[in-house]
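Presented below is the structure to which this report refers.
Any value given below was found using the heavy atoms of this structure, including those in side chains, with hydrogens, waters and symmetry copies removed.
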Amino acid sequence: MLLPLHLYFLATIRNRLGKVLLIVSLLVGLAGIAFTYTRGGWIAGGAALMVTAVLNRKAYLRYLLPAAVLAPIMAIAVLGLAQDKFMQERLENEDTVGSRFGTGVTVLRVWRDHPLFGVGYFQFQSVRERYIQPVEIPGMATIRYVQFRHNAIHDIYLGPLAETGLVGMGLQCAI
């Protein structure tokens, strides 16, 4: 959400030092999004910048195009993104929808056996091997357990349900 604000302030500020600091901040923000390792953040950040740039091309493209070139160079050369093994694994993961379905079904199986208090905070990974099975989803191919065997819980609803049960989920909803 802050990346489009950078573009707004770049177009309105007159101070040269302020512009330089905003450009540096924009580049660091782009690198920061890269290091979240979250494809959703990448898509949202890119979409926000593109929409902002399209809405006022004259003011924003002169900042956004150089940033689009410099941010990957900075991430690779300065921050070492090219040697980052975790980043390579994130980009190679192809079936995220299927693996999330598989993880979700596994979480529900855990919850079914521990409905009231769950298995305990951060205990899902220690018990999931007993609950993992291939998953049949209508309209999708069979989701094999190797696709989601090492996945962490990817949501804030099913995960707490398995780890803290109805009591913990009720408290979360109350908050």
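Judged by distance alone, with hydrogens and angles left aside, the side-chain atoms of T164 form a donor-acceptor pair with the main-chain N or O of P160 at under 3.5 Å. A donor-acceptor distance shorter than 3.5 angstrom exists from the side chain of K19 to the backbone of I13, with no hydrogens or angles considered.
Atom CD of residue Q125 and atom CD of residue E163 lie 8.5 Å apart, to the nearest 0.5 angstrom. In this structure, L22 CG and N15 CG are separated by 9.5 Å, a value rounded to the nearest 0.5 Å. Here the CE atom belonging to M169 is positioned 9.0 Å from the CG atom belonging to L166, to the nearest 0.5 angstrom.
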Name each donor-acceptor pair under 3.5 Å that joins a side chain in residues 111-122 to protein atoms two or more places apart or in another chain, with its distance.
from	atom 1	to	atom 2	distance (Å)
W111	NE1	P115	O	3.3
D113	OD2	Y131	OH	3.1
H114	NE2	Y131	OH	3.4

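Just one of I23, L27, L26 meets the side-chain contact (heavy atoms from CB on, under 4.5 Å) condition when paired with H6; it is L26.
Listed by chain and residue number, Y8, F9 satisfy the side chain to side chain contact (heavy atoms under 4.5 Å, CB included) test with T12 (two or more places apart in sequence, or in another chain).
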